[in-house]
Protein chains: 2
Amino acid sequence: MARKRITPGKIRLAEVAKLAGVSPITASRFFRNPEALSVGKRARVESAAKELGYVPNLAARALASQRTEVIGVLIPSLTNNVFSDVLRGIYDALDGSRYSIQLANTRYSILQEERLLRLFLAQKPAGLIITGINQTADSRNVMETVDCPIVQIMELGPSPIDMMIGFSHFDAAKAAIAHLLAQGYRRIGFLGARMDPRVQRRLDGYRAAMAEAALFDPQLIVTTAIPTSVTLGGTLFADLLAKAPDIDAVFCVNDDLALGALFECKRRHMAVPEQMAIVGFNDLEFMASSEPTLSSVRTNRYEMGRNAAMMVLETLDGRRPAAPVVDLGFSVMERQSSARRS
Amino acid sequence: MARKRITPGKIRLAEVAKLAGVSPITASRFFRNPEALSVGKRARVESAAKELGYVPNLAARALASQRTEVIGVLIPSLTNNVFSDVLRGIYDALDGSRYSIQLANTRYSILQEERLLRLFLAQKPAGLIITGINQTADSRNVMETVDCPIVQIMELGPSPIDMMIGFSHFDAAKAAIAHLLAQGYRRIGFLGARMDPRVQRRLDGYRAAMAEAALFDPQLIVTTAIPTSVTLGGTLFADLLAKAPDIDAVFCVNDDLALGALFECKRRHMAVPEQMAIVGFNDLEFMASSEPTLSSVRTNRYEMGRNAAMMVLETLDGRRPAAPVVDLGFSVMERQSSARRS
DNA sequence: CAATGGCTTGGTAGCGCTGTCAATATCGGT
DNA sequence: ACCGATATTGACAGCGCTACCAAGCCATTG
């Protein structure tokens with residue numbers, strides 16, 4: 001026969017309830033919905049809990065209530081600064097709430113993503129934040145059957161699973177090119193790395209803008225599947241120059257590439273922007289303080305993370321967010337590196 | 001009387017056991033220690049689980065076993081690239097294991113850290129990874145009484161709580177200064193931001209190296225509590241030049257500051273390294289591809305995270321790691337920005 | 001004054017799994 | 001063929017909390 005597995009010093013809800021002179025269930029209610037208690041008992045339970053240093057056992061709570069207080073977050077990369085900003089927003093928004101974060105890294109693989117998704121959803125998360133709109137069909141199915149708020153972040157698309165917050169990468173890239181065209185640049189190269197779906201859409205935006213201006217030329221495009229880096233920016237820029245020596249500007253799908261291109265220009269003693277204009281994407285902090293300062297497309301990454309988490313919280317609170325799809329927009333930061341052609 | 005709360009479609013361990021023709025407890029054992037089963041039953045349980053798509057309920061497991069399969073990770077910042085590298089190492093090491101990560105951000109506050117620590121430890125984590133060696137006395141007490149592997153990362157110190165992996169920030173800074181001295185630089189400035197304990201120790205290393213060379217001068221030091229950024233690097237460097245216009249080199253406590261200083265030099269048309277040598281810290285990727293390339297102290301951040309997680313895993317497996325304290329060292333990457341003085 | 005209804009509180013059972021120990025099967029050695 | 005030792009398997013209870021229902025309490029109402 002199994003023995004009583006008594007746990008000596010541990011403080012359980014029952015101990016708090018006894019000290020407060022109420023039933024365990026009333027004490028339990030105090031932690032979930034204090035409003036439901038009479039003022040007197042509320043105070044008694046509160047002080048008893050504090051006196052004993054009670055910390056609820058989350059596993060027991062999850063088992064009994066059949067739900068957890070965990071919000072799953074799926075992002076494709078931990079290295080990319082873009083996602084660290086988003087993450088910071090999410091953590092900040094959830095700070096102080098009773099929810100915690102379960103983070104996983106899909107490494108830009110939608111199959112990996114699907115696997116992680118199943119893993120997460122099996123534990124009944126309170127909510128889910130997932131990157132992008134390119135999930136596998138199975139992933140979508142799983143998400144549609146599950147009953148928890150889901151926010152897709154980073155971009156916008158036609159059929160949100162539940163909620164969505166992001167901006168149009170196509171429009172953002174197009175606006176960057178429009179800026180360069182307005183400044184008088186004509187042979188505008190394109191540098192792309194990693195080529196994930198969002199980068200792909202930036203390429204589409206570039207292509208559309210160039211085609212509209214009747215300036216499109218496939219020779220101007222250099223891309224690679226290799227993950228981005230400053231060094232890679234230099235290499236790709238060199239490749240581009242080899243293919244199209246007559247370019248007068250380059251649009252980089254992110255700021256690391258742009259910085260690499262800038263350094264490569266310096267190495268070749270090419271004047272920026274006189275001989276070569278450069279525009280990046282994301283507007284990381286350093287873009288505003290380089291020499292020359294680098295133009296970029298500002299995206300609101302921190303707000304994206306923060307709002308996504310807040311949308312989840314609101315839904316969990318029963319208050320449906322004002323809009324299920326939020327466009328955070330972007331703005332082209334026009335700096336020295338793309339100033340008007342002399 | 002309470003009703004049977006039956007959950008219709010859900011697959012529980014009992015269902016798997018029934019299909020496999022074994023008792024639930026045997027099925028349970030399969031998931032925790034397959035070796036303990038006979039080959040036949042092992043195969044039967046395995047195929048039954050796969051057929052039903054069984055996913056264990058972690059909350060129930062945690063409640064019954066009185067422990068979780070979560071490794072807590074406490075880091076001071078989500079923005080700092082340094083920590084994203086460490087995190088990536090941790091995630092990579094734990095990928096495929098049954099453990100998951102619970103991440104929290106202390107925001108460089110040891111009080112915040114203590115609060116998060118209590119929160120974590122109350123849920124009985126399988127292990128803990130914590131940044132640095134400057135915890136509050138209470139934090140230390142809590143950690144010493146708890147029974148789980150704990151790894152302190154990022155630096156080394158005299159009295160590890162349990163395990164420790166890092167390097168000497170003091171020695172690393174001293175080596176950077178030694179390099180500059182060897183190259184013939186004499187008036188070497190110091191730029192510091194955030195000034196967390198590790199940065200402080202780098203300052204100590206700088207001070208010691210300069211004092212040994214009889215070149216120490218407090219006028220050469222510029223620090224601030226403001227979080228680091230490239231822009232700040234430019235600003236601090238300008239401050240330093242105002243205080244000590246005769247400096248011939250500058251040691252920056254991180255690479256962002258170094259990059260900012262480089263840009264400021266360019267803005268002032270100061271030749272690097274002819275008029276001003278620059279050395280950074282951490283050796284982020286871009287340091288090797290800037291123009292000129294920037295010297296820095298390479299630290300093994302990814303390995304630090306990876307090894308820390310592996311040390312936890314080994315301990316949980318009952319295999320005590322070879323060494324409880326690991327010094328990952330550093331290396332001074334000598335590049336153009338600190339080449340010999342002409 | 002009984003009936004009604006809202007607010008609070010409590011009792012009971014069970015969420016899905018595993019720790020402990022006991023029982024049974026297997027095996028080599030004498 | 002018997003013994004003890006080892007490898008497998010099973011029974012039971014309970015981890016700490018909450019869902020559900022019921023009951024108690026009080027004020028209001030016809």
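In what follows, every chain begins at residue 1, and chains take the letters A, B, ... in the order their sequences are listed.
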Report task. Please work out which residues in residues 33-51 of chain A have a non-hydrogen atom less than 4.0 Å from an atom of DNA chain C and list them by number. Result -> A/A36, A/L37, A/S38, A/K41
Report which part of the nucleic acid [X] touches: base, sugar-phosphate, or nothing (heavy-atom distance under 4.0 Å, all strands).
X     : result
A/F31 : nothing
B/R29 : base
A/Y54 : sugar-phosphate

Requested in this report: Consider the side chain of B/I25, meaning its heavy atoms from C-beta on, and name the nucleotide among C/dC17, D/dA11, D/dT18 that approaches it most closely.
Outcome: D/dA11
OP1 or OP2 of [N] less than 4.0 angstrom from a side-chain nitrogen or oxygen of [X], does that happen here?
X     : N      : value
B/S23 : D/dG10 : yes
B/Q66 : D/dG16 : yes
B/R12 : C/dC15 : no
B/T26 : D/dG10 : yes
B/R32 : C/dT18 : yes

Could you tell me how far apart [X] ([atom1]) and [N] ([atom2]) are, to the nearest whole angstrom?
X     : N      : atom1 : atom2 : value
A/L13 : C/dT12 : CG    : P     : 17 Å
B/L58 : C/dG16 : CG    : P     : 14 Å
B/F30 : D/dT9  : CZ    : P     : 13 Å

Query raised in the report: Are the side chains of A/L156 and A/M164 in touch, meaning some heavy atoms are under 4.5 Å apart?
Result: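 Contact flag for A/L156/A/M164 side chains = yes.
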Query raised in the report: Should A/I90 and A/I129 be marked as a side-chain contact (heavy atoms from CB on, under 4.5 Å) after you check the CA-CA gap, both sets of side-chain angles, and the distance that decides it?
Result: CA-CA 9 Å; A/I90 296 176; A/I129 295 176; 4.0 Å; yes
